[in-house]
Amino acid sequence: MGKVAVETGTPGVDLLAVTLDEVRHARGVLERLESRLPYLETRLSVPFAAYDAYRRAWPVTGEEARPVGPDMDVIVDIGAASDRALDQTVRALLEQSRPARRLVLIGEESRRPLALDLANRAAWRDGPGIRFVESDAATLAERMSDGLNRGSDAATVLLLRGGDVVAAGALAWLGAAFARSAQVEAVYMDEDVLAPGEEALDPGERSRVGPRLKPGPDPDLLAQTPYVGAALAFRRSALDRVGLQPEAGDLCGADVLLALPAAAVAHVPRVLVSSPARKDDPAPWAECVQRRLSLPAEPRTDILGADIPGAVRVRRPAPQVRAAIIIPTRDALDLLRPCVDSVLAHAASNSVRGEILIIDHESQDPKTLAYLSELTANGQARVMPHQGDFNWALMNNLAAAQTDAEVLVFLNNDTVVLSPDWLDELAVQAMRPEVGVVGCRLVYGDGAIQHAGFVAREQREGFLVHEGVGAPGSDPGYLGRHGLLRSAVAVTGACMAVRAEAFRRLGGFDAASFPVEGNDVDLCLRAQAEGLRVLYDPYATLYHLESRTRGFNTDSKRQARADAANAILWARWGERFGRDPGFNPHFDRTLRPFSRLRPPPAHA
């Protein structure tokens, strides 16, 4: 008779215990490895000033670009480019990892012999065909149109100028952008400048300077400055529908993007083109904006002196609405009085009517109480008493329910208004149906920037960080970010405007999860999850004595509260909003935003 082994005990339970131990060990290893990533990224990152070494270390080959897009023609306006510069443009196009379907060279009749020679040399190397289109039109738009109409029938086209040198993977990346969505009608890319004084060198040996590492598609930013550049790729159908306009000058490509919906524009965050140093005339941009958008545009000025050459300001007419300015306070008359006085002082500069609603959180100081009584008696403010623990979100929610104003402006008591027309500016942006939340530019008492919008980073620690902190108020920021109206992942509740209808539809602030910290960011991210935009608006600028009322998070309790809010924000929104489209992926995520460069991610 055979023997049967009989196991005793609880092997299933034992195995589970061992497995759990192994899982805990593996989790610990992963956490230790993850904790090293910021340090390693910092070690790999390079200063912005070392850009040329950076781009040599990580060239754009196009190997990562997937999927493959439609055939593409490249239209090159020869213009005033030298024979050598044009040769270098064509040579770079012949060395693409994904070849063009055809190259179309546009120029005066005198450039035909060189174009014929380039075509012959391309044919000898089995390269794409080169066609010459003679044009003596005066404007870039007319010459490009001649090239399109007489030289190209491809579904997509890339518009370049003589002297532009494209990276080896440029056409692969652009094609992939079109292939990812049939909705995409135009694609722009990052770019840099061929270093002046090195014209005798071949492009591969020339240094690159002045990288323009651009944000994602942003219609408000584009309305102020043609940040997308001149080297642009289009579906031919979009160009046929919208048209290149001669009056747009050298900005005719960017002018087309003004006429396209934001969803039809894509950005490839790779440096795909290097151009000679040029000074395109920005003068027509205000006319482009007025013609394409039917909005008045004027030369831009800045209350802090931030200079952004060529940028314009778009002036939307102020809406005929009322705004409730909601200010929580507890005593702190030295803060509250300057805040209220600044609002009252600028009332005549705004056509939007503002009512001040002060939330009195258990004030005890006789002078504060007397001041509140005075404001009430003079009809300058309403006072709403509130008792209980300090819960900024809850107090503001309750106050929002006490007004029928169309716009809600949440304002900290430690702010002082600087921009005279601040209320008109906030209201006009907040009343746009596609906008959910509008935030301000805030500066410290010494004029240094405290807040120019939040930047999101793909990491739990420091998920969101204020942009521009400590920079001089006159600092325009990278590519003018501090001084231009633009999309932001989030803005601060120290001064925040929301359309009342949108605030209620979003459910107000989350007072249970974020009583003090994080409620403003959570509202911004909920708005975007519902398809509404968040705007940073520097045309409303205020002083902000940050956290003077409550103090900074210098003790363990306050720090724990901030950490808990950040943990909830990350768990709720990190996966969806950790990748900030305004924060170009070339930039390091561990240090001051826009200061250092990291290795570009494999995919964009």
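Both backbone and side-chain heavy atoms feed into the values below; hydrogens, waters and symmetry mates do not.
Screening residues 397-423 for ring pair (Phe, Tyr, Trp, His ring centres under 6.0 Å), with sequence neighbours left out, gives Phe410-Phe503, Phe410-Phe509. Applying the salt bridge (Lys or Arg N to Asp or Glu O under 4.0 Å) test to pairs two or more places apart or on separate chains, those with a residue in residues 387-408 are Arg322-Asp404. Contacts classified as ring pair (Phe, Tyr, Trp, His ring centres under 6.0 Å) and involving residues 234-269 (residues at least two apart or in different chains) are given here: Tyr188-His267.
Judged by distance alone, the side chain of Asn391 and the main-chain N or O of Ala511 form a donor-acceptor pair under 3.5 Å. Looking only at distances, a side-chain donor or acceptor of Arg504 sits under 3.5 Å from a matching main-chain atom of Ala400. Panel note: side chain Arg316, backbone Val314; no donor-acceptor pair is recorded below 3.5 Å. The closest donor-acceptor contact from the side chain of Gln528 to the backbone of Val534 lies at 3.5 Å or more, if one exists at all. The backbone N or O of Val516 lies less than 3.5 Å from a partner atom in the side chain of Asn519, making a donor-acceptor pair. Looking at Asn350, its side chain does come within 3.5 Å of a backbone N or O of Asp424 through a donor-acceptor pair. The backbone N or O of Arg592 sits less than 3.5 Å from a side-chain atom of Ser595, completing a donor-acceptor pair. No donor-acceptor pair closer than 3.5 Å links the side chain of Asp537 to the backbone N or O of Cys440.
Asp360 has its side chain out of reach of Met384: every pair of non-hydrogen atoms, C-beta onward, lies at least 4.5 Å apart. Within the 4.5 Å cutoff, side-chain heavy atoms of Val242 are placed close to those of Leu260. Looking at heavy atoms from C-beta onward, Leu148 lies in side-chain contact with Val157 at the 4.5 angstrom threshold. By the 4.5 Å heavy-atom criterion applied to side chains, Leu545 and Leu335 are counted as neighbours. Contact annotation: the side chain of Leu221 never approaches that of Leu485 to less than 4.5 Å [non-hydrogen atoms, C-beta and beyond].
Contact between Asn412 and Gly493 at its shortest, heavy atoms only, is OD1-O, 3.9 Å.
Of the charged side-chain nitrogens involved, at least one lies within less than 4.0 Å of a carboxylate oxygen, so that Arg486 and Glu467 count as a salt-bridged pair. A salt bridge links Asp421 with Arg315: the closest approach of a Lys/Arg side-chain nitrogen to an acidic carboxylate oxygen falls below 4.0 angstrom. Under a 4.0 Å N-O distance rule, the pair Arg291/Asp255 qualifies as a salt bridge. Contact check on Asp220 versus Arg533 returns a salt bridge, with a Lys/Arg side-chain nitrogen under 4.0 Å from an Asp/Glu carboxylate oxygen. Using a 4.0 Å cut-off between a side-chain N of Lys or Arg and a carboxylate O of Asp or Glu, Asp522 and Arg572 qualify as a salt bridge. Ion pair Lys214/Glu191 flagged as a salt bridge, since at least one NZ, NE, NH1 or NH2 atom sits closer than 4.0 Å to an Asp/Glu carboxylate oxygen. Using a cut-off of 4.0 Å between Lys/Arg side-chain N and Asp/Glu carboxylate O, Arg441 and Asp302 are scored as salt-bridged.
Rounded to the nearest 0.5 angstrom, Met72 CE and Leu158 CG are separated by 6.5 Å. The line from SG of Cys252 to CD of Glu247 is 10.5 Å long, rounded to the nearest 0.5 Å. Distance check: Leu251 CG to Gln245 CD gives 13.0 Å after rounding to the nearest 0.5 Å. Taking CG of Asn397 as the start and CD1 of Ile326 as the end, the distance is 9.0 Å to the nearest 0.5 Å.
Aromatic pair Phe463/Phe577: centroids not less than 6.0 angstrom apart.
In the model, Thr403 has a side-chain atom that pairs as donor or acceptor with a side-chain atom of Glu355 under 3.5 Å. Under 3.5 Å, the side chains of Asn584 and Asp190 contain a donor-acceptor pair of N or O atoms. Under the 3.5 Å distance criterion, with hydrogens and angles disregarded, a donor-acceptor pair is assigned to the side chains of Glu142 and Thr139.
Partners of Phe583 under the ring-ring contact (aromatic ring centres under 6.0 Å, His included) rule, at least two apart in sequence or in another chain, are Phe594. Annotation: ring-ring contact (aromatic ring centres under 6.0 Å, His included) contacts of Tyr543 (sequence neighbours excluded): none. Shown here are the side-chain contact (heavy atoms from CB on, under 4.5 Å) partners of Ser342, two or more places apart in sequence or in another chain: Val416, Val417.
Under a cut-off of 6.0 angstrom, the local environment of CD in Glu434 is crowded, with over 12 non-hydrogen atoms contributed by other residues, nucleotides or ligands.
Both tests do not hold together for Arg235 against Phe178: distance to the six-membered ring centre under 6.0 Å, angle to the ring axis within 45°.
Each of Thr415, Thr492, Asp414 was compared with His544 under the side-chain hydrogen bond (donor to acceptor under 3.5 Å, both in side chains) criterion, and only Asp414 meets it.
Taking the six-membered ring where tryptophan is involved, the planes of His451 and Tyr536 are perpendicular, since the angle between them exceeds 60° and thus also 30°.
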